[in-house]
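What follows is a set of notes on a single structure, which appears directly below.
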There are 2 protein chains.
Amino acid sequence: MTFHVYDTTLRDGAQQEGMNLSVADKLAIAPLLDELGVGFIEGGWPGAVPKDTEFFRRAAKELNLKNAVLAAFGATRKAGTRAVDDPQVRALVDSGAPVVALVAKSDIRHAERALRTTGEENLAMIADTVAFLVREGRRVVLDAEHFFDGYRFDAAYTRSAVLAALEAGAEVVALCDTNGGMIPDWVAEIVSELREHTGDGILGIHAHNDSGCAVANSLAAVGAGATHVQGTINGYGERTGNADLLTIVANLELKLGRELLADGGLREATRIAHAVSELTNITPYGRQPYVGASAFAHKAGLHASAIKVDPDLYQHIDPTLVGNDMRMLISDMAGRASIELKGRELGFDLAGQGDVLARVTNRVKDSEARGYTYDAADASFELLLREEIDGQLPTYFRIESWRTIVETRPEARGAENADDVVATAEATVKLHTGAERIVSTGEGNGPVNALDHALRQALVRVYPELEEFELIDFKVRILDQSHGTDAITRVLIETTDGNASWSTVGVGPNLIEAAWEALTSSTIYGLIHAGVAPR
Amino acid sequence: MTFHVYDTTLRDGAQQEGMNLSVADKLAIAPLLDELGVGFIEGGWPGAVPKDTEFFRRAAKELNLKNAVLAAFGATRKAGTRAVDDPQVRALVDSGAPVVALVAKSDIRHAERALRTTGEENLAMIADTVAFLVREGRRVVLDAEHFFDGYRFDAAYTRSAVLAALEAGAEVVALCDTNGGMIPDWVAEIVSELREHTGDGILGIHAHNDSGCAVANSLAAVGAGATHVQGTINGYGERTGNADLLTIVANLELKLGRELLADGGLREATRIAHAVSELTNITPYGRQPYVGASAFAHKAGLHASAIKVDPDLYQHIDPTLVGNDMRMLISDMAGRASIELKGRELGFDLAGQGDVLARVTNRVKDSEARGYTYDAADASFELLLREEIDGQLPTYFRIESWRTIVETRPEARGAENADDVVATAEATVKLHTGAERIVSTGEGNGPVNALDHALRQALVRVYPELEEFELIDFKVRILDQSHGTDAITRVLIETTDGNASWSTVGVGPNLIEAAWEALTSSTIYGLIHAGVAPR
């Protein structure tokens, strides 16, 4: 039986606070959605949004979709016009997209107050626009805006809007909980009732999460006969977001036994969800169901000992089914069982080494009390472990001193304000290796960047392995927000050597100092793993 | 009819990745939960967790709860012991908490494999421990761990565990979806079935969000007859979190007409949810239903024009019912309607000023393309607006130059590594006011802190109004994560003058430079609003 997985990440999802997708971004995200195996990719509103006109133009040439078809989104014709004469409608045809999604008022109050037209004319707008697009050879999805609110206000009118679309040739009518205020029982009841009137017409669900029930509302609609679900990757969208498409699909596939994504795409869900977040530049939400970094991360000491026995007792699914994995978190509540498991994860067998475990556990507790976190800094945790096991870390270098200077350029003196002045950053590092004393100065776009360059420049002659190292991520968190710039700063950095990548942490009242700690830790870790002995 | 709103933020919620609550933190959070109007506050596991023993000891003396009673959490007695002899159980009594929540295995596989005991002994453990605590005068909540998974595996056994607790005198049996894998239809069916056997016993629901359905599962259980809901503020908890208690309660009160929180506490939900996040030091989730900063924030140009007409057409509830409010966001998609509305929100009437609106809209678009965001920096947006309306901003000072130096202390030369060395930060600012040239040097814990001190010190003689200004929040975001420390940095700072507070933004490749921009903007904004003329 046909089931539509309809992705609107690039259109409704793009309303997300903080999201600003370029055409290039959209052209990069679409193939990921296709790889996931969705059936439809709603790309935007051509005509109304210039970037989207451009997207569809370039997509026709540059995208080679295997699983999905493109959908252009738009609206029903203006009141008192003909669809064929409405430039906004024509633009939808001109986009070339094989599917057109039309948003239409289905709530009489919206037709009358927002559009300032009559209920009758609104129905004609629906029928006319749908019929026109069908004649133009497009598959039409009618997005019945404010459907559920409208149905609860005036069921007969709202139903007539749905029927007008189906009778005019719409393939699907997607029922939109535009304000997000529905709860599952109401959705199930309404969709069941409606289905008694809609014959073979395909009904869809487009939910928002304002009541915290977007996923459940979508499942309820499917349970009542909907065979088309709309949603966004990572639940992006306005306000509380659209329904999270991956959560819905994972539930339908793994709980209800349906096969929805082409080629078992669900196994790529975690990777693709994260790849999309990189492109949208929206920080991933760690606690996201199925694909979040914390989704299968166990912390409580209570569970860690049980997980050693039987992973399935504590997980609702095998994480690999969605491309995720189990993570053990370090924390003071977890006790030795978790530390032992974490050590094993990193390749250290600590079974039976009670002494080491006790010391490591205590150091972790102390450090966390001072602001350190090892949850996101495995490499720093490993250095702590190695130091306790071996008694000390390899001494690749001894730092004598370092300093950074950030200043505005002297030629800008007298400028009206600092906005026109560019600041430069420079850092000097003085250190000793086994053989020599090195003084190195690095420049950069900022103080941490400059320190990074200075340190690497100082060491690369003695340790050429460092040539391949590159900083790829740098996060700053000001702890204890109530004290402004006097607060403790935690810096997490991620470094790569071209093959693997690792994360280290630094903490201190001074942001630069915290970054320095993370930088030196990262260098030491990288050299250890490159199998390098101190020179 | 009795309905229990049971808060486990301080116990199950504390398993949240990154949360480390001190006793003081818990003693500060509990009164907020009480103010919200929940009926029960589960404070921790006394005996097993030393901090929690301390919490209950101090709570007895220091907390003056008006609406809630405290609950101590623990486990059924060990296999093969008597409850009265089990120190872990005794500790629950010793805590003095009037309510004790006991976690018990209700899934035969967990009893046999995790506890390594028999199903029979497990039932005896339940009955014995419950009866003991009831004899000691405690109200008992039995948390049936893995209830739903257990019921689906062996319904008879799991039911017997529930009945054993009720027969021994438990007031409530809370059915726990410990792995979080349930979906609402399954919950409704199971709870309905179970209720046929449990007579007057109160059934509760304790859901986790692994399927993205924690709230909906809780609603489903209530629909099937549960009258006790457990959850956490802000959905804190392990993995994907516990059910968000405020979302459940808001849905039950506002959608289903129940009155659950004492004294209409729901109106304080947003304030309290944010206050709790300050104490837990977990960054609030902007898209959280009801109480999130974005929950009622409208962005799309499409809606902004309609909202002007009729706020209720686009919101599922009146935000003030949960203490939240409507926010207009600035973005390039929103168009002039949003900018006009935003201006009005800030006190500027731009109706009919097409020129200004066009210029502002263009500047906003350009800035956002370069990394600025005005969504969280109203004061910077207002400065932009004022600059376009008035042609320029007041010139309170002209910056000649600034510089920051961060360096390790010279007396630490030769230290084994930089961890033992403390870095100092100093900043020098040279500027002109109308009357004089001022050179000021400030010190601080870090470069931004030092600049903040240097700038204020430079200006406070001429503008004593600045004495009251204080930086209270400082956020750093590295944009374009793929470029390590070369990336663009965005800094947001929040300043207060003791009465109001405002946020400004700065952007640049150099973190210090970005912070400087936010600092000077904040100073200018503060002086404008203090009604000060340039001196």
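The figures here come from the full heavy-atom set of this structure, side chains too, leaving out hydrogens, waters and symmetry mates. Proteins come first, then strands; the chains are lettered A, B, ... in the order of their sequence lines, and each starts at number 1.
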ask   = Is it the side chain or the backbone of B:Ile183 that comes within 4.5 Å of chain A heavy atoms, both, or neither?
value = side chain

Contact origin within B:Asn209 toward chain A - heavy atom pairs under 4.5 Å = both

Under 4.5 Å from any heavy atom of chain B, what part of [X] do you find: side chain, backbone, both or neither?
| X | value |
| --- | --- |
| A:Gln288 | backbone |
| A:Thr424 | backbone |
| A:Thr247 | side chain |
| A:Ile405 | both |
| A:Leu451 | neither |

task = Write down the atom of A:Asn449, the atom of A:Asn445, and the distance for their closest heavy-atom approach.
result = OD1-N, 2.7 Å

message = If I compare all heavy atoms of A:Gly180 with all of A:Arg239, which pair ends up nearest, and what's the gap?
response = N-NH2, 4.2 Å

remark   = Assert top hit (heavy-atom pairs under 4.5 Å, partner chain B, pool A:Asp244, A:Ile512, A:Thr240, A:Val406) equals A:Val406

task = Among B:Val491, B:Asn510, B:Ile399, B:Thr404, find the one that has a side chain to side chain contact (heavy atoms under 4.5 Å, CB included) with B:Trp516.
result = B:Ile399

inquiry  = As an exercise, state the distance from CD of B:Glu470 to OG1 of B:Thr496, rounded to the nearest 0.5 Å.
reply    = 7.5 Å

inquiry  = Checking side-chain polar atoms at under 3.5 Å, does B:Gln315 have a donor or acceptor matched by the opposite partner on A:Asn179?
reply    = no

Side-chain donor-acceptor pair present, A:Tyr236, A:Asp12, cut-off under 3.5 Å = no

task = Return the option, out of B:Asp210, B:Leu219, B:Val215, with the maximum number of heavy-atom pairs under 4.5 Å with chain A.
result = B:Asp210

note = Most contact-rich option vs chain A, by heavy-atom pairs under 4.5 angstrom, among B:Ser211, B:Ala48, B:Ala216, B:Pro184, is B:Ser211

query = Any idea how A:His110 and B:Tyr314 line up, ring-wise: parallel (<30°), tilted (30 to 60°), or perpendicular (>60°)?
reply = perpendicular

